[in-house]
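The structure appears below as structure tokens.
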Amino acid sequence: MTERTPSPGDESPLVVKETREQIEQTRIEQTREELGLTVEALTAKADVRSRVREQAAGKAAQLRDAAARAKQLVKEKTPDPVVDRATRTAAQVRNAASRAGELAASGAPGTLPERSGRIAAEAWTHRAPLFGVGAALVVLLVVRRGRRRR
């Protein structure tokens, strides 16, 4: 027997069954595609963190643009003498800060350990008067405390 292709008028049960299966398979594929798109859309809506990040990035870009426009406007509207004076003042401040940093780094006029060591050595050489002053202070505090109790 030879296989014959179904003709449009041929409605044998086998042809009808195959046609139905093809239609059903096509519907299933379309439904899967639609479900996939729906899931993607729902996932995008549910991803609040990404949406917020996108909005924040957009707002940040808007703010940067606005700041750039404001900066340009200020540059255009500021008189030249003011710009020159501001430039000179900024240079002076940078120079002063640089000098202060250099002085601090070099430990200018005596670093703290050196100074405290010198003070301690000086106090040790003059310890007798210091002990006298300390003793007088202790006596003064004792007398004062005794008067309070009366």
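Worth saying up front: this structure is predicted, and the values here are computed from it rather than measured.
The backbone N or O of Trp124 lies less than 3.5 Å from a partner atom in the side chain of Arg127, making a donor-acceptor pair. Not one N or O on the side chain of Ser98 forms a donor-acceptor pair closer than 3.5 Å with the backbone of Arg94.
The CG atom of Asp47 sits 12.5 Å away from the CG atom of Leu42 when rounded to the nearest 0.5 Å. Atom OG1 in Thr78 sits 8.5 Å away from atom CG in Leu73 (nearest 0.5 Å). With rounding to the nearest 0.5 Å, the separation of CD1 in Ile28 from CG in Leu35 is 11.5 Å. The CD atom of Gln92 sits 8.0 Å away from atom CG of Asn95, with the distance rounded to the nearest 0.5 Å.
Between Glu18 and Leu14, some side-chain heavy-atom pair lies under the 4.5 Å cut-off. Annotation: side chain of Gln30 is in contact with side chain of Thr26 (closest heavy-atom distance under 4.5 Å). Counting heavy atoms from C-beta on, the side chains of Glu33 and Leu37 never come closer than 4.5 Å. By the 4.5 Å heavy-atom criterion applied to side chains, Glu122 and Ile119 are not counted as neighbours.
Environment of CZ in Arg51: crowded, with over 12 heavy atoms of neighbouring residues, nucleotides or ligands closer than 6.0 Å.
Across all non-hydrogen atoms, the minimal contact from Val15 to Thr19 is O-OG1, 2.7 Å.
Residue Gln25 is tested with Glu21, Gln22, Glu29, Arg27 for a side chain to side chain contact (heavy atoms under 4.5 Å, CB included); the sole match is Glu29.
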(message) Walk me through whether Lys59 and Gln62 qualify under side-chain contact (heavy atoms from CB on, under 4.5 Å).
(response) CA-CA 5 Å; Lys59 294 293 182 184; Gln62 287 176 352; 3.6 Å; yes
(request) Evaluate side-chain contact (heavy atoms from CB on, under 4.5 Å) for Arg88 paired with Asp84, printing each intermediate quantity in order. (result) CA-CA 6 Å; Arg88 283 194 308 262; Asp84 293 340; 4.1 Å; yes
